[in-house]
Amino acid sequence: MMRTHKIALYAAPLLLLALAACHRPSPARGRRAILDDIGRTVLVPPAPRRLISLAPSSTEILYAIGAGDRLVGIDRYSDWPKATASVAKVGANLDPSLERILGLRPDLVFITTSANTEATDEGLAHAGIPVFVSRARKLSEIYADIEAIGGAVGREEAARALTASMRARFEKLRARWAGRPPVRTLVVVWPDPLVVASRTSHLDDLITLAGGINVADDSTQPFPTYSLERLLARAPEVILVGSHAAGAPAHGAFERLTAVPAVRDHRVYSIDGNLIFRPGPRVVEGAEAIARLLHPDRAGAAK
């Protein structure tokens, strides 16, 4: 995955700086302090009403906890639920329009370390716009992020109810596969160059809960690049290729690797990338989808 939140700060054009000055709020009057996922103190209104999300996972969380109707702007790739179709778009994750964002007069903007750049964070800060940064690399951090976002928008109870529901569904899934030999699994983030999900990503948790074992346990990077030789050595029994809106190459890219058990046994599957890659509420559905592919002998296993 791209290292987006470490990109150097861009120089804001004079026009945008002028706009920022027009929209700069009073520093702390009538505001409350919250902590975002990277430990920063963010000053927000008691009940922020005008929200902008620049990452699909944050957008899905806000809708899931009942705050989606407060969104006045979202990134181009926030496409779920259907209600997002009527929300103003402010650009892509990597280069949203600061001018459009300022024009929407947000009380609070949500970004993530996995989808957005440090330049966006800094540009919004210069404009005096409160920014909540999400960071969710493992399942436990997804729970924490949901509850932190709930606290930021005054939907704490709804956020706790959501994480409790997710935990219950995951526990049901885990219990179903307890005691069965785990299926050696590889999740492909992108086929060419080959990028996979390692043990330090939340995908590892999903695989485990679905009754698998992640064969990409040899890297400390969440999404390392693999060589074909490395893939052969890891010998996955199942390969799951996540789909992308941008159009990732088909899983047929693995057809010639017949020495790999997953290829030999015709167990290379496509899976909805939005369910498994976005660290939000729908990762439960993603894990259930993984379980159905790992255990085809028990149809409906995740239901």
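Values in this document were obtained by computation on a predicted structure and should not be read as measured data. Atoms considered below: every heavy atom in the structure, side chains included; atoms not considered: hydrogens, waters and symmetry mates.
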Are [X] and [Y] close enough that some pair of their side-chain heavy atoms sits under 4.5 Å apart?
X: Asn93; Y: Leu54; result: no
X: Phe110; Y: Asp145; result: no
X: Ile101; Y: Pro96; result: yes
X: Ile290; Y: Ile271; result: yes
X: Asp37; Y: Val133; result: no
X: Ser58; Y: Ile111; result: no
X: Asn274; Y: Trp80; result: no
X: Val183; Y: His295; result: yes

Do [X] and [Y] belong together in a cluster built from hydrophobic side chains that touch within less than 4.5 Å?
X: Ile207; Y: Trp190; value: yes
X: Ile213; Y: Leu240; value: no
X: Ile38; Y: Leu35; value: no

* Fit a plane to each ring of Tyr143 and Phe170, take the angle between them on a 0 to 90° scale, and name the class: parallel (under 30°), tilted (30 to 60°) or perpendicular (over 60°). => perpendicular

* To do: With Ile129 as reference, evaluate Asp107, Leu108, Leu98, Val109 under the side chain to side chain contact (heavy atoms under 4.5 Å, CB included) test and give the passing residue.
  => Val109

Got a second to check how far [X]'s [atom1] is from [Y]'s [atom2], nearest 0.5 Å?
X: Ser270; Y: Asp272; atom1: OG; atom2: CG; answer: 10.5 Å
X: Leu206; Y: Ile142; atom1: CG; atom2: CD1; answer: 6.5 Å
X: Ser97; Y: Arg76; atom1: OG; atom2: CZ; answer: 11.0 Å
X: Ile34; Y: Thr41; atom1: CD1; atom2: OG1; answer: 9.0 Å

Do you know the tightest heavy-atom contact between [X] and [Y]?
X: Ala259; Y: Leu232; value: CB-CD2, 4.0 Å
X: Ser243; Y: Phe277; value: O-CE1, 4.3 Å
X: Gly242; Y: Ile276; value: CA-CD1, 4.5 Å
X: Leu293; Y: Tyr269; value: O-CE1, 3.6 Å
X: Thr200; Y: Thr220; value: OG1-O, 3.2 Å
X: Pro191; Y: Val188; value: N-CG1, 3.7 Å

* To do: Identify the residue among Arg282, Arg176, Arg169 that makes a salt bridge (charged side-chain N to carboxylate O under 4.0 Å, His left out) with Glu288.
  => Arg169

In terms of side-chain geometry, is the basic nitrogen of [X] or [Y] positioned less than 4.0 Å from the acidic oxygen of its partner?
X: Arg174; Y: Glu171; value: yes
X: Arg135; Y: Asp36; value: no
X: Asp218; Y: Arg230; value: yes

Does [X] reach the main-chain N or O of [Y] with its side chain, forming a donor-acceptor pair under 3.5 Å?
X: Ser57; Y: Ala55; value: no
X: Lys138; Y: Arg199; value: yes
X: Asp205; Y: Leu139; value: yes
X: Thr112; Y: Ser134; value: no
X: Arg267; Y: Pro261; value: no
X: Thr208; Y: Asp204; value: yes

Could you give the side-chain donor-acceptor pairs of residues 146-159 under 3.5 Å, partners two or more places apart or in another chain?
residue, atom, partner, partner atom, Å
Glu147, OE2, Thr163, OG1, 2.7
Arg155, NE, Ile65, O, 2.7
Arg155, NH2, Ile65, O, 3.1

* Can you list every pair that meets salt bridge (charged side-chain N to carboxylate O under 4.0 Å, His left out) and has a residue in residues 124-134, with sequence neighbours left out? -> none

* To do: Decide yes or no on side-chain contact (heavy atoms from CB on, under 4.5 Å) for Leu294 and Trp177, but give the supporting numbers first.
  => CA-CA 11 Å; Leu294 297 190; Trp177 307 117; over 6 Å; no

* To do: Please check if any side-chain donor atom of Ser198 sits under 3.5 Å from a side-chain acceptor atom of Ser201, or the reverse.
  => no

* **Criterion side chain to side chain donor-acceptor pair (under 3.5 Å) on Ser78 and Thr59, from CA distance to verdict** => CA-CA 6 Å; Ser78 286; Thr59 301; 2.7 Å; yes

Check: residues 42-52 side-chain donor-acceptor pairs under 3.5 Å, at least two apart:
residue, atom, partner, partner atom, Å
Arg50, NE, Leu104, O, 3.0
Arg50, NE, Arg105, O, 3.3
Arg50, NH2, Leu104, O, 2.8

